[in-house]
Student: 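Shown below is the structure under consideration.
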Amino acid sequence: GAVVSQHPSWVICKSGTSVKIECRSLDFQATTMFWYRQFPKQSLMLMATSNEGSKATYEQGVEKDKFLINHASLTLSTLTVTSAHPEDSSFYICSALQGLSGNTIYFGEGSWLTVV
Amino acid sequence: DAKTTQPPSMDCAEGRAANLPCNHSTISGNEYVYWYRQIHSQGPQYIIHGLKNNETNEMASLIITEDRKSSTLILPHATLRDTAVYYCIAGGGGGNKLTFGTGTQLKVEL
């Protein structure tokens, strides 16, 4: 299947700093990407939908100024957690929709964020 | 996205078929049925998806009822490596988002 890659796989940062997570579709173009977060023993929670060249659409309760999403190209979306706090520590996962009219969505390997 | 209902857990003997049910009674006409699985601390792995017809690939088969209100994922010969949380999602189609439910924890045992 298609490959979606995230970087970094894990990151530790200090409280108050910002951290960027990249999501790349390696062998296909993705006009739409999605960002999720997952806490231990819980399901994935959709944070936002990212469309190439336009502003992201955030789910209710997700702070857009805290979780900055940029989808500058058809193969790259980034999530920046600004002014991180320990409660932002989580597993962040991106996914990408294959093809302009496709309906298969592939997920990245996830990125573990620990804020200390 | 339509809400889905799955049993929280299931057990299966290695080598036997694992049949995972999913109810999606409020699915709309343009929504697909997707199945993903997640092994601890990894991103979800795509398994299969379908709209109306039954589908089969190298990993599994997807049986969708005629009224599309429920479906079954079939792993024909389960192995220990199939132990994971399996998510059934009704949604997508035209770039629409996928909303995850709580999934089914499948445990494959010797």
Side-chain angles (χ1 to χ4, degrees), chain A residues 1-7 9-10 21 23-24 28-52 54 56-60 62 71 90-114, chain B residues 1-9 22 27-53 55-60 62 64 68 84-107:
Chain A
V3 178
V4 175
S5 178
Q6 283 185 238
H7 178 81
S9 299
W10 58 270
I21 301 171
C23 176
R24 294 181 184 274
F28 65 98
Q29 293 183 331
T31 54
T32 303
M33 290 183 171
F34 306 91
W35 286 95
Y36 295 80
R37 68 186 298 182
Q38 185 177 31
F39 293 107
K41 298 185 179 180
Q42 294 186 22
S43 186
L44 284 76
M45 183 192 79
L46 180 66
M47 299 175 66
T49 301
S50 168
N51 292 297
E52 187 265 338
S54 63
T57 301
Y58 290 81
E59 295 298 303
Q60 190 173 11
V62 178
H71 194 158
S90 186
F91 190 47
Y92 291 88
I93 310 166
C94 74
S95 64
L97 175 67
Q98 184 183 33
L100 293 176
S101 59
N103 48 54
T104 304
I105 299 176
Y106 295 97
F107 285 78
E109 319 96 318
S111 299
W112 283 101
L113 169 64
T114 300
Chain B
D1 289 354
K3 180 180 179 179
T4 60
T5 304
Q6 298 176 254
S9 64
C22 179
I27 193 170
S28 62
N30 66 343
E31 290 182 318
Y32 289 77
V33 179
Y34 292 85
W35 283 86
Y36 291 84
R37 70 182 182 184
Q38 187 179 29
I39 297 170
H40 181 63
S41 300
Q42 298 180 23
Q45 178 188 22
Y46 169 80
I47 301 173
I48 199 167
H49 77 284
L51 185 61
K52 289 190 284 188
N53 299 322
E55 302 287 345
T56 295
N57 61 21
E58 65 277 4
M59 289 183 69
L62 173 60
I64 303 174
R68 302 213 319 129
V85 178
Y86 286 76
Y87 293 100
C88 165
I89 305 162
N96 292 325
K97 59 191 179 185
L98 299 184
T99 302
F100 282 72
T102 54
T104 295
Q105 171 67 66
L106 175 67
K107 186 177 180 181

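Owing to the predicted nature of the structure, the values given are computational and were not obtained by experimental measurement. The sequence lines fix the lettering, A, B, ..., with proteins before strands; numbering per chain opens at 1.
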Student: Name the region of B:Gln45, side chain, backbone, both or neither, that has any atom closer than 4.5 Å to a heavy atom of chain A.
Tutor: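 Contact with chain A is absent: no heavy atom of B:Gln45 under 4.5 Å.
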Student: Are any non-hydrogen side-chain atoms of A:Ser95 and B:Leu98 less than 4.5 angstrom apart?
Tutor: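 Not in contact.
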Student: Going by the rule side-chain hydrogen bond (donor to acceptor under 3.5 Å, both in side chains), which residues pair with B:Trp35 if we only count those two or more places apart in sequence or in a different chain?
Tutor: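 B:Trp35 satisfies side-chain hydrogen bond (donor to acceptor under 3.5 Å, both in side chains) with no other residue.
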Student: Please check if atom CH2 in A:Trp10 has more than 12 non-hydrogen atoms from other residues, nucleotides or ligands closer than 6.0 Å.
Tutor: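 Counting neighbours around CH2 of A:Trp10, 12 or fewer heavy atoms of other residues, nucleotides or ligands fall under 6.0 Å, so no.
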Student: Taking the side chain as every heavy atom from C-beta outward, state whether B:Gln38 and A:Ile93 have any atom pair closer than 4.5 Å.
Tutor: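 In short, these two side chains touch, coming nearer than 4.5 Å.
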Student: So which part of A:Gln38 gets closer than 4.5 Å to some heavy atom of chain B, the side chain, the backbone, both or neither?
Tutor: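 Side chain only.
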Student: What residue in A:Val4, A:Leu46, A:Leu44 has the most heavy-atom pairs under 4.5 Å with chain B?
Tutor: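 The option with the most such pairs is A:Leu44.
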Student: What pair of heavy atoms forms the shortest contact from B:Tyr87 to A:Ser43, and how long is it?
Tutor: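 Closest approach of B:Tyr87 to A:Ser43: CE2-OG, 3.4 Å.
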Student: Mind checking ring pair (Phe, Tyr, Trp, His ring centres under 6.0 Å) for B:Tyr46 and listing every partner two or more places apart, or none if nothing turns up?
Tutor: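 Applying ring pair (Phe, Tyr, Trp, His ring centres under 6.0 Å) to B:Tyr46 gives A:Tyr106, B:Tyr36, B:His49.
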Student: How long is the straight-line distance from OG of B:Ser41 back to CD of A:Glu109, given to the nearest 0.5 Å?
Tutor: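 Rounded to the nearest 0.5 Å, the CD-OG separation comes to 13.0 Å.
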Student: Would you give the length of the straight line joining atom CD1 of B:Ile48 to atom OG1 of A:Thr104, rounded to the nearest 0.5 angstrom?
Tutor: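 B:Ile48 atom CD1 to A:Thr104 atom OG1 measures 10.5 Å (nearest 0.5 Å).
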Student: Is the distance from the ring center of B:Phe100 to that of A:Phe107 below 6.0 Å?
Tutor: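 Yes, close enough.
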